[in-house]
Structure formats: structure tokens, C-alpha cells
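Below, chain A is the first sequence line, B the second, and so on; all start at residue 1.
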2 protein chains.
Amino acid sequence: MNIGDVARSTGLPAKTIRYYEDIDLVTPARASNGYREYVEQDVHRLSFIQRARSLGFSIDECRLLLSLYNDKQRASSDVKSLALAKIDEIDRKIEELGSLRSTLKTLADHCHGNSRPDCPILEEMAKGVS
Amino acid sequence: MNIGDVARSTGLPAKTIRYYEDIDLVTPARASNGYREYVEQDVHRLSFIQRARSLGFSIDECRLLLSLYNDKQRASSDVKSLALAKIDEIDRKIEELGSLRSTLKTLADHCHGNSRPDCPILEEMAKGVS
DNA sequence: GCTAGTGGTTCCAGTCACTGGAAGGTCAAG
DNA sequence: CTTGACCTTCCAGTGACTGGAACCACTAGC
């Protein structure tokens, strides 16, 4: 399996797949012509990484998850606590987004929306009333 | 106000504040000794940026958000439509985060979190039931 | 065998938004 | 007058890619 096929089947750009080799995440064999030769297990690891990344895990966290995945003796509690920590992180982001949203909402609600430049809420914000 | 005070009151590292000057986001006056001299308005701008950044807005988006209350010449309708567009963006972000969260939550809930190696979080990432 | 086209290779540079560290200037306290 | 905190600039590195140049390999059609 060449890199292009792997790219198609994992949804990862070839560039990214090469980058993952650079950082020793997935290191395929090489054919006699120098092409990367991916086997099923490589593709599997790459798909795993793709999914973990899209769930917001960092590369280092992916490395950890992969090692947990490959370690048949690992405790599922390790993975669970990692996931729970991520959930906390997400909750914090959502909360902060909500607060910026309400700031902007207040702003929008108090704007006349006409062609004059006056917008008292903006003036207040500029002065420090957040 | 020196950069250290500003760092303490905004929660931004001094390094970052200097970087923001580099990219012309917040450009304080200089004292005779070369020190940066921040006024209240600078601090407020920096706090706003801090908040917006922590919510995933790019520097360029921050520039746009700042223009909401910095441009005295804008029509308030411009302000309003910009704010409303941003709110839509925030809503989309919140929704995405929410779905990420629920995926992780479901997985974590089904994980026993004990010392045995079966773990639905890893299994899901391996299989690709996203 | 020649050529075109696709897909592979390496390497170097750039991106974004910082972050770290060196080398040195400034200031208030003891 | 020294100590130590705080400030300055500049240069380099980070994470996770991404773009591009220059070149090699394979396949299909003529």
C-alpha cells in the first residue's frame, strides 16, 4: 500500500502521514524503489491517530493512547481519566464561549443598527465595563 | 503601568504582551527609560484579546472584534452585523464542542475504569464508529 | 523507445501564536 | 554599592502541520 492509498483510506493528507513518520508515530517499511509500504497495522494506527486527533487529543496524548492500546496489560482507568480530563477541558471552553457570547449578545441588542456611529455599550466596553 | 503589572492584571504573560505589540495589536507609549507604559485602555484591550483568544478566536478575528468598539467612524449597523456574525460562529463552536463532549462522555461512561484492559474508548478509536 | 501524466521522494521554508533564553540596562531597598 | 526584581532586544524553538521546488518511479498510449 502506497502513501496515496493510505491517505485515501484514512482521510489524512499524505503530507501529514509523512510528518507522522518524521516524529516516529507510524514508521512504514520501504519498497526497493524507496516508496513507503504501508501494511494493515500501519493504516490502523493512522486511523486511530486521525480519530484521536479529531477528538482533540494532542500528538503526545495520541502517543500515550497508542501505547495504552498496544499494551494488552494496560488499565482502562488510565484511558478513562484521560477522557474525563478532556471533558473538563471542553466544559471550560464551552463556558468561556458562553460568556463571550453573552457579551456580544448584549452588545448587539443595544446597538441601534442604524447608520450612526453611536453605540453606548461599545463605549462602555472601551472604558472597562465588561 | 509597566508590563509586569499588566501581565498580572490581564493574566497574559509579558512575552505575549510584547508579541501583541510586535503585531500591532496593542502599542503602548514608552517611558524615557524605554519601558512600555500601559494605560487603562491598553489593559482593557489586552483583557478582551485574552478572553477572545482563550475561546479559539484567531488574532485576526480579535482584530476584527476590537474594531467593534475601537472604530469611532463605523456605522452601528456594521457593529451589529459583525457581532451577530460572531455570535453565529460562537454558536457553531459551542455545538461542535458539545458533540465532541458527548462522544467522549458516552465512551467514558461505558468504560469501567478498572484495571482490566477492555476499554470502549480505545476500541471506538480503533474501529472508527465515529 | 518516447512521452505524458500521475504519484512518489527529499529538503527547506513558512505558518500561527506564542515561548524560552541569553545578554544586558534600570530601579528601589538595605 | 550591591542585590534582586524587573525591564529591554534579539534570536531560536515549539506544535502540528502545509506549501513548494526539484527530482525519481511507474504506467499507458503511440
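Ionic pairing of A:Glu21 and A:Arg30 is present here: one or more N-O contacts between side-chain nitrogen and carboxylate oxygen are shorter than 4.0 angstrom. Salt bridge A:Asp42/A:Arg45: absent, no basic N to carboxylate O contact under 4.0 Å.
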Might you work through the salt bridge (Lys or Arg N to Asp or Glu O under 4.0 Å) test for B:Arg18 and B:Asp22, ending with a clear yes or no?
CA-CA 6 Å; B:Arg18 287 194 199 97; B:Asp22 246 41; over 6 Å; no

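Of the listed nucleotides (C:dT19, D:dT18, C:dT9), C:dT19 has the atom at the smallest distance from the side chain of B:Tyr19. Here the side chain of A:Arg18 is nearest to one of C:dC27, D:dC17, C:dT9, namely C:dT9. When distances are taken from the side chain of A:Thr16 to each of C:dT10, D:dT8, D:dT18, the shortest belongs to D:dT18. Distances were taken from every side-chain heavy atom of A:Ile3 (C-beta onward) to each of D:dA16, D:dC6, C:dT9; the shortest belongs to C:dT9. Checking D:dC17, D:dC7, C:dC18 against the side-chain heavy atoms of B:Asn2 singles out D:dC7 as nearest. Proximity note for B:Asn33 (side chain, C-beta onward) versus C:dC18, C:dT26, C:dT10: the nearest is C:dT26.
Atom CZ of B:Phe57 and atom C1' of C:dC16 are 17 Å apart (whole Å). Atoms CG (B:Asp22) and P (D:dT9) sit 9 Å apart, rounded to a whole Å. Between B:Leu25 atom CG and C:dC18 atom P the separation is 9 Å, expressed in whole Å. The OH atom of A:Tyr20 sits 14 Å away from the P atom of D:dG15 (whole-angstrom rounding).
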Listing time: all N or O pairs from protein to nucleotides 10-14 of chain D that are below 3.5 Å?
none

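Residues A:Glu37 and B:Pro13 each lie close to DNA chain C; by heavy-atom proximity, the contact nearer the 5' end of the strand is made by A:Glu37.
For A:Leu97 against B:Ile90, the heavy-atom pair with the smallest separation is O-CG2, 3.8 Å. Summarising the geometry of A:Ser9 relative to A:Met1, their closest heavy-atom pair is OG-CE, 3.9 Å, with the distance given to 0.1 Å. Taking each heavy atom of A:Ala108 and B:Leu84 in turn, the nearest pair found is CB-CD2, 4.0 Å. A:Thr27 and A:Asp24 get closest at one heavy-atom pair: CG2-OD1, 3.9 Å.
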